[in-house]
A.B. asks: 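Just passing along the structure, written as structure tokens.
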Amino acid sequence: MNIEGLNPQQSSATTHLGSPLLVLAGAGSGKTRVITHKIAWLIRNAGYAAYQIAAITFTNKAAREMKERTLSLLSRQEAKGLTVSTFHTLGLSIIRSEIETLGYKSGFSIFDAQDSASILKELAYKEDNLADEDTESRWIISRWKNDFVNPEQALQIAENPKEVQAAILYGKYQRQLKAYNGLDFDDLIVLPTQLLENNEAVRTKWQNRLRYLLIDEYQDTNACQYRMIKLLAGVRGEITAVGDDDQSIYAWRGAQPENLNLLQQDYPMLKVVKLEQNYRSTEFILGAANHLIANNPHLFDKKLWSALGYGEKILIMPCRTAEHEAEKVITEILKYKFRARAEPEDFAILYRSNHQGKLFERVLRENNLPYRVTGGQSFFERAEVKDTLAYIRLIANPTDDAAFLRVVNTPKREIGLSTLEKLGTYAYERGTTLLAASHEFGFAQRISNRAKLNLDRFTDWIEHLIRSVDNFTPHEFIRQIINDIGYEDYLLNMSSSPKMAERRMDNVKEVFKWIERLYDDGDGKETLGEIVAHMTLMDLLERNREDKDNNEITLMTLHSSKGLEYPYVFIVGVEEDLIPHANSLSENEEGLEEERRLMYVGITRAKQQLTISYAKTRSRYGEELTCEPSRFLDELPAANIEWEDKRQISPEQKQENADAYMKDILAMLEE
DNA sequence: ACGCCGCGTATTTTT
DNA sequence: TACGCGGCGT
């Protein structure tokens with residue numbers, strides 16, 4: 001049976017039932033199409049109810065896109081109750097419904113990466129004098145958690161002083177989290193998985209609740225996530241995993257592309273469908289990508305092809321210096337912009353590491369070209385958003401010290417650092433939380449009357465709010481709080497310009513809107529705390545940003561380009577030690593292979609034109625270094641590439657370029 | 001509360 | 001080289 005608009009492989013993946021399915025979906029081969037059509041097909045043709053189906057992704061963005069595209073195939077009624085969520089959000093739902101079995105109180109808070117970091121920092125400081133808490137222990141602890149290694153076991157298997165320190169910290173960290181009634185991001189996956197593994201009743205319940213699972217970006221699952229999937233799927237194994245081992249670029253973070261293989265071992269009946277037709281790129285581009293990735297070992301052979309014609313050859317631009325490279329790239333952009341009437345949003349400049357973007361930003365600014373840099377963390381850590389959420393967190397969960405500290409002096413309440421330090425020390429000694437400690441007699445003795453007065457004013461008010469929380473809808477409640485504390489004035493004072501303050505206040509209003517939306521979407525029983533927990537997992541403002549019609553050139557790392565596509569792609573800094581990155585080469589062959597996949601991901605982002613550049617010298621850490629072109633350039637097929645320095649340009653073409661350039665400048669002057 | 005200075009550090013980071 | 005952060009001084 002063929003489904004309308006799908007090619008035979010997509011169609012067979014869509015309609016396959018009766019055994020687990022692995023869809024090896026090459027870049028641009030329509031994997032989201034398959035997942036969304038499969039969901040629709042399961043509901044329409046296979047007798048599944050929407051609420052029995054869960055599609056699981058890694059990012060909010062992917063979940064959002066999948067949800068939207070599924071809804072375009074189904075009526076609202078048909079799709080009712082469908083789960084399309086990230087691993088973390090799914091974990092949160094399981095935790096929420098099993099909260100008592102798990103031994104957490106219902107008003108728990110979710111601690112984001114920053115919250116976790118500050119807890120660890122605090123602990124490292126308090127316990128071991130100063131033992132500088134390098135971020136490394138955070139990674140080590142996270143890895144242990146995902147491998148179900150508890151702090152005691154960690155201490156035993158720790159192999160070096162760093163790991164020993166991390167293990168000690170780990171135990172304290174876990175106790176602290178529990179005391180705050182807090183869960184970190186890892187807990188959202190680890191706790192449900194452990195529960196499903198150890199508790200048969202819960203396992204059966206969830207296996208009956210979710211009868212069909214679809215997993216997106218399967219190659220990025222870590223050991224714990226795979227366990228979770230397997231437990232949910234049970235012996236029935238009604239799952240479709242969609243992934244591409246060639247696009248596995250997160251192994252360094254615990255992703256196990258071997259899970260593709262494991263699936264075959266664990267489910268011998270596994271059916272494998274390969275999606276090899278690429279709908280994105282021209283043949284020259286795809287051919288180069290295939291040729292490059294053929295240098296990696298493969299579990300499953302796969303060769304992408306395209307029906308879009310040869311297109312343009314890949315242009316390789318050797319450049320004298322990094323500055324020169326940036327200028328040449330921008331010149332190329334201007335050329336396409338005018339000659340092919342390309343828009344800024346049609347271009348992407350991709351690089352291995354963030355700092356490489358700076359140079360390009362500068363040159364783009366000089367040329368008055370609009371651009372945006374994605375990545376970095378600026379978006380997740382918008383202070384105004386976190387402040388707003390922290391107020392709710394504290395009210396929903398009075399033991400949440402991280403939230404307490406965040407809002408206690410925001411806006412300024414003349415509660416100084418030393419007061420808070422004394423409060424922290426006291427609470428720590430007494431094994432209680434900050435809010436509770438602030439009222440204890442023993443603490444009152446340690447600080448001045450004035451400080452006590454200010455602190456009491458705050459804590460009394462918070463406690464009043466805690467008592468009255470049930471009298472309001474969540475969004476009314478938080479709007480009132482933000483209003484009462486004069487947060488808008490505070491932003492005005494804190495921001496560099498009134499315009500900036502306005503934008504930040506808009507972000508706060510966006511939070512209100514989301515709270516209202518989540519409240520309305522829920523069954524009406526959702527508490528304020530549950531809504532905030534949910535919101536901690538969302539990229540609230542990301543959506544905002546997409547809505548705006550930003551016609552801008554995109555600058556980003558190769559990592560964050562995964563899943564995206566652009567007509568014109570520039571991969572820059574393609575030099576030895578940058579890509580492949582020097583640090584990835586030291587240990588084993590696998591490091592190099594992942595770098596190669598990263599290059600592969602970059603190449604396959606391009607629809608029409610791919611340009612690769614490298615510099616012969618580049619200043620790094622203050623000194624001028626001579627750079628070698630990346631070995632990956634040698635792995636591209638000569639027939640698909642054109643070297644810029646050998647490019648033949650006819651006199652007419654030259655004239656045309658010059659005209660184009662002038663016209664462009666004139667157009668820009670008019671603007 | 002703010003700003004300055006000097007020191008250390010420099011790969012990627014879905015939640 | 002450059003940038004962010006902790007410490008310290010005003």
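Keep in mind that this is a model prediction, so the values were computed, not measured. The chains referred to below are lettered A, B, ... by the order of the sequence lines, with proteins before strands, and numbering in each begins at 1.
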A.B. asks: Please state how far atom NZ in A/Lys61 lies from atom P in B/dT13, giving the value in whole angstrom units.
C.D. replies: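 Distance, rounded to whole Å: 14 Å.
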
A.B. asks: Can you classify the ring geometry of A/His88 versus A/Phe185 as parallel (below 30°), tilted (30 to 60°) or perpendicular (above 60°)?
C.D. replies: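 A/His88 vs A/Phe185 ring planes: perpendicular.
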
A.B. asks: Between A/Thr557 and B/dT13, does any side-chain N or O lie under 4.0 Å from OP1 or OP2?
C.D. replies: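 So the side-chain polar atoms of A/Thr557 do come within 4.0 Å of the phosphate oxygens OP1 or OP2 of B/dT13, strictly under.
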
A.B. asks: Calculate the interatomic distance between A/Ile571 atom CD1 and B/dT12 atom P; express it in whole Å.
C.D. replies: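 After rounding, the reported distance stands at 17 Å.
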
A.B. asks: Among A/Asn296, A/Leu292, A/Asp244, which residue meets the side chain to side chain contact (heavy atoms under 4.5 Å, CB included) test with A/Arg597?
C.D. replies: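 Exactly one pass, corresponding to A/Asn296.
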
A.B. asks: If the cut-off is 4.0 Å, is A/Asn354 near the phosphate of B/dT13, judged by side-chain N/O to OP1 or OP2?
C.D. replies: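 Answer yes for this pair, as a side-chain N or O of A/Asn354 is under 4.0 Å from OP1 or OP2.
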
A.B. asks: Please enumerate all residues that pass side chain to side chain donor-acceptor pair (under 3.5 Å) together with A/Asp245, with sequence neighbours excluded.
C.D. replies: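 So A/Asp245 forms no side chain to side chain donor-acceptor pair (under 3.5 Å) with any residue.
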
A.B. asks: Round to the nearest Å and state the distance from A/Leu558 atom CG to B/dT11 atom C1'.
C.D. replies: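 So the CG-C1' distance, A/Leu558 to B/dT11, works out to 11 Å.
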
A.B. asks: If the plane angle is over 60° it's perpendicular, under 30° parallel, otherwise tilted; pick one for A/Tyr226 and A/Tyr218.
C.D. replies: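 Because their plane-to-plane angle is over 60°, the rings of A/Tyr226 and A/Tyr218 count as perpendicular.
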
A.B. asks: Separation of A/Phe87 atom CZ from B/dT13 atom P, in whole Å?
C.D. replies: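 So the two atoms are 21 Å apart, to the nearest Å.
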
A.B. asks: Can you list everything that forms a ring-ring contact (aromatic ring centres under 6.0 Å, His included) with A/Tyr487? Sequence neighbours excluded, please.
C.D. replies: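 Counting only residues at least two positions away or on another chain, A/Tyr487 forms a ring-ring contact (aromatic ring centres under 6.0 Å, His included) with A/Tyr490.
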
A.B. asks: Please confirm whether the shortest side-chain N or O distance from A/Asn60 to OP1 or OP2 of B/dT15 is below 4.0 Å.
C.D. replies: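 For B/dT15, OP1 or OP2 has a side-chain N or O of A/Asn60 closer than 4.0 Å.
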
A.B. asks: How close or far is atom C1' of B/dA1 from atom CZ of A/Arg413, stated in whole angstroms?
C.D. replies: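 In whole Å, B/dA1 C1' lies 18 Å from A/Arg413 CZ.
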
A.B. asks: Is the phosphate of B/dT12, meaning OP1 or OP2, less than 4.0 Å from a side-chain N or O of A/Asn583?
C.D. replies: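 Checking B/dT12 against A/Asn583, no side-chain N or O comes under 4.0 Å of OP1 or OP2.
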
A.B. asks: From the options C/dC3, B/dT13, B/dT12, select the nucleotide whose nearest atom is closest to the side chain of A/Lys358.
C.D. replies: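 Given the options C/dC3, B/dT13, B/dT12, the side chain of A/Lys358 is closest to C/dC3.
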
A.B. asks: Expressed as a whole number of angstroms, how long is the span from A/Glu595:CD to B/dT12:C1'?
C.D. replies: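 A/Glu595 atom CD is separated from B/dT12 atom C1' by 8 Å.
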
A.B. asks: Let me know the distance between CZ of A/Arg597 and P of B/dT11, rounded to the nearest Å.
C.D. replies: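 Result: 20 Å.
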
A.B. asks: Taking the side chain of A/His581 as its heavy atoms from C-beta onward, which of B/dT15, B/dT11, B/dT13 lies nearest to it?
C.D. replies: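 Of the candidates, B/dT11 comes closest.
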
A.B. asks: Which of the following nucleotides, C/dC3, B/dT12, B/dT13, is nearest to the side chain of A/Ser560?
C.D. replies: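 Among C/dC3, B/dT12, B/dT13, the one nearest the side chain of A/Ser560 is B/dT13.
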
A.B. asks: Among the nucleotides C/dC3, B/dT12, B/dT15, which one has an atom lying closest to any side-chain atom of A/Thr59?
C.D. replies: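 Among C/dC3, B/dT12, B/dT15, the one nearest the side chain of A/Thr59 is B/dT15.
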
A.B. asks: Side chain of A/His559 only, please: which of C/dC3, B/dT15, B/dT13 is the nearest?
C.D. replies: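 For the A/His559 side chain, the nearest candidate turns out to be B/dT13.
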
A.B. asks: Where the side chain of A/Thr86 is concerned, which of B/dT11, B/dT12, B/dT15 is the nearest nucleotide?
C.D. replies: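 Within the option list, the nearest is B/dT15.
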
A.B. asks: Can you tell me how far C1' in B/dT12 sits from the matching atom in C/dC5, rounded to whole Å?
C.D. replies: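 B/dT12 and C/dC5 have their C1' atoms separated by 22 Å.
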
A.B. asks: Provide a list of protein-nucleic acid N or O atom pairs under 3.5 angstrom, restricted to nucleotides 5-7 of chain C.
C.D. replies:
from, atom 1, to, atom 2, distance (Å)
C/dG6, OP1, A/Lys121, NZ, 2.9

A.B. asks: By the definition side chain to side chain contact (heavy atoms under 4.5 Å, CB included), identify the one residue from A/Gln219, A/Glu217, A/Lys562 that meets it with A/Ser248.
C.D. replies: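 Looking at A/Gln219, A/Glu217, A/Lys562, the match for A/Ser248 under the side chain to side chain contact (heavy atoms under 4.5 Å, CB included) is A/Gln219.
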
A.B. asks: Report the C-alpha separation of A/Asn454 and A/Arg457 in whole Å, then their side-chain angles, then the decisive distance to 0.1 Å, and conclude whether the side-chain contact (heavy atoms from CB on, under 4.5 Å) test is met.
C.D. replies: CA-CA 5 Å; A/Asn454 284 329; A/Arg457 200 180 303 137; 3.6 Å; yes

A.B. asks: Any donor and acceptor pair, going by atom type alone, linking the side chain of A/Asp186 with main-chain N or O of A/Lys145 inside 3.5 Å?
C.D. replies: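 Looks like no, no N/O pair under 3.5 Å.
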
A.B. asks: Rounded to whole angstrom units, what separation is found between the CZ atom of A/Arg596 and the P atom of B/dT12?
C.D. replies: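 After rounding, the reported distance stands at 21 Å.
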
